[in-house]
K.L.:
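Before I ask anything, let me first share the structure, which is written out below as structure tokens.
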Amino acid sequence: MTLSLFSRYEIGPYTLKNRMVMAPLTRSRSKQPGNIPSRLNAFYYAQRASAGLIITEATQISQQGQGYAWTPGIYTEEQIEGWRLVAESVHDADGLIFMQLWHVGRISHPALQPKGALPVAPSAIAPTGMAFVTNAKGEPEFVPFVVPRALETDELPALVKQYVQAAKNALSAGLDGVEIHAANGYLLDQFLNSSTNQRTDAYGGSIENRARLLLEVVEAVARVCGSDRVGVRISPMGTFNDMGDENPEALFGYVAEKLNELDLAYLHVVDPSHGGHQTTETPDSRGVAIMAMIRERFAGTLMVCGGYTLERAQESIQNHQADLVAFGRPFIANPDLPERLRTGASLNEPDQATFYGGGVAGYVDYPTLKQQNGEEGLPDFSVLEAN
Ligand SMILES: Cc1cc2nc3c(=O)[nH]c(=O)nc-3n(C[C@H](O)[C@H](O)[C@H](O)COP(=O)(O)O)c2cc1C
């Protein structure tokens with residue numbers, strides 16, 4: 001049988017109807033106050049339920065874990081109820097949905113932290129760049145990052161518990177599983193990479209030590225969810241959020257090998273061969289080599305993401321380089337992406353200006369093929385605007 005992006009795939013207790021995954025996408029549109037998922041968010045996810053699997057936008061596991069204005073959380077009763085609405089809407093539309101669990105570490109600002117405290121990190125090293133916060137009037141504002149506070153060793157068990165509680169909350173809200181966010185320069189990635197981790201305790205220095213917190217979190221979450229409902233996202237060679245590692249091959253080779261022992265739902269890799277966040281046409285040879293090495297060391301389900309087109313995705317699946325392909329920006333602009341790829345239809349272009357914040361516009365009003373062809377009318381957005 002020829003492998004295809006359009007064929008079914010089993011992970012743990014679930015059958016995915018195709019191998020196209022909706023990548024985690026922060027959209028900063030949760031209901032305020034309280035960072036609560038709303039009917040608008042539920043509608044957006046249900047529109048995209050034809051994906052084999054949806055991974056939610058990164059969702060903070062605590063207030064300390066928040067790094068941007070208006071991102072949703074999974075640590076209050078109201079947030080759990082909001083997510084229940086999202087999960088039910090996706091299930092009603094025959095979809096599957098995992099929640100990406102997020103602690104941003106140093107990519108935050110006192111304006112977002114409990115009692116205006118400093119953000120926490122493995123080491124007291126400020127990232128270059130700006131934090132996205134709201135000012136006293138509730139308006140969005142960019143402010144420079146600050147020097148974070150280095151976590152004490154004896155604070156780490158409580159941090160692991162934050163992930164465990166968040167995973168329990170996600171399952172109790174009806175989500176099908178969780179993805180631990182260890183990519184893109186957030187807390188767990190800050191522990192992994194040498195540029196952000198200069199600790200001298202058991203969580204810094206050697207690769208084994210830098211990977212310790214991630215492995216503790218994954219093992220603890222797998223104990224409560226069942227390992228086959230837990231995925232992990234990593235971004236080897238990633239530079240987003242001012243990141244870098246002195247030897248990413250050795251670091252991520254070790255991480256892939258250790259995660260391989262845990263019988264996870266999947267390992268999700270932000271593929272550096274085409275630039276990760278940006279799309280570059282010529283593949284980066286070091287990125288290609290690191291992906292091949294991860295494929296070799298991690299025997300379970302491998303999901304890849306980053307600049308994938310239909311052709312590149314089919315090629316990766318047919319050549320056994322990946323089992324699942326996640327699409328980010330194409331899913332923002334195309335709620336019916338699987339149908340469009342299957343039929344070779346043209347794709348809507350995503351509008352960057354509406355990626356973060358706002359309401360209906362650029363969120364749920366990208367047309368499906370049927371709406372475009374006049375076979376279906378547009379939904380009544382006024383109900384959603386009211387939230
Ligand atoms: C608007 C936007 C928001 C994103 N939010 C997240 C996120 O919450 N968590 C995450 O791991 N990656 C996030 N990413 C990265 C995407 O998941 C994906 O890796 C990236 O867009 C590359 O894939 P693509 O070329 O298919 O878009 C985001 C990307 C974009 C464009």
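Remember, it's a predicted structure, so these values are computed and weren't measured experimentally.
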K.L.:
With a 4.5 Å limit on heavy-atom distance, are the side chains of T71 and Q66 in contact?
P.N.:
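Yes - at least one pair of side-chain heavy atoms lies under 4.5 Å apart.
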
K.L.:
Taking the side chain as every heavy atom from C-beta outward, state whether Y14 and F98 have any pair of such atoms under 4.5 Å apart.
P.N.:
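The answer is yes; the side chains approach within 4.5 Å.
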
K.L.:
Under a 4.5 Å cut-off applied to non-hydrogen side-chain atoms, are L347 and L337 in contact?
P.N.:
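Touching, per the 4.5 Å side-chain cut-off.
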
K.L.:
Indicate yes or no: at least one non-hydrogen side-chain atom of D245 is less than 4.5 angstrom from one of L192.
P.N.:
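Not in contact.
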
K.L.:
Are any non-hydrogen side-chain atoms of P379 and Q371 less than 4.5 angstrom apart?
P.N.:
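When only atoms from C-beta onward are counted, Q371 and P379 do touch, with a gap below 4.5 Å.
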
K.L.:
M303 versus I55: any side-chain heavy-atom pair under 4.5 Å?
P.N.:
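The answer is yes; the side chains approach within 4.5 Å.
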
K.L.:
Is it the case that the side chains of N241 and Y186 hold a donor-acceptor pair, with the cut-off being a distance below 3.5 Å and no angle test?
P.N.:
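Their side chains do contain a donor-acceptor pair, which is all the 3.5 Å distance test asks for.
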
K.L.:
For Y44, what residues pass the ring-ring contact (aromatic ring centres under 6.0 Å, His included) criterion, not counting sequence neighbours?
P.N.:
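ring-ring contact (aromatic ring centres under 6.0 Å, His included) list for Y44, sorted by chain: Y363.
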
K.L.:
Any side-chain heavy atom of E179 within less than 4.5 Å of one from Y266?
P.N.:
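Yes, their side chains come closer than 4.5 Å.
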
K.L.:
Taking C-beta and beyond as the side chain, do F240 and I107 meet within less than 4.5 Å on heavy atoms?
P.N.:
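Sidechains of I107 and F240: no contact.
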
K.L.:
Kindly state each residue pair satisfying salt bridge (charged side-chain N to carboxylate O under 4.0 Å, His left out) with at least one member in residues 130-144, sequence neighbours excluded.
P.N.:
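Residue pairs with at least one partner in residues 130-144: there are none.
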
K.L.:
Checking S273 against D271: is there a side-chain donor and acceptor pair closer than 3.5 Å?
P.N.:
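The answer is yes; a qualifying pair exists.
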
K.L.:
Does any pair with a residue in residues 45-56 pass side-chain hydrogen bond (donor to acceptor under 3.5 Å, both in side chains), and if so which ones, sequence neighbours excluded?
P.N.:
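Matches after skipping sequence neighbours: Y45-E57.
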
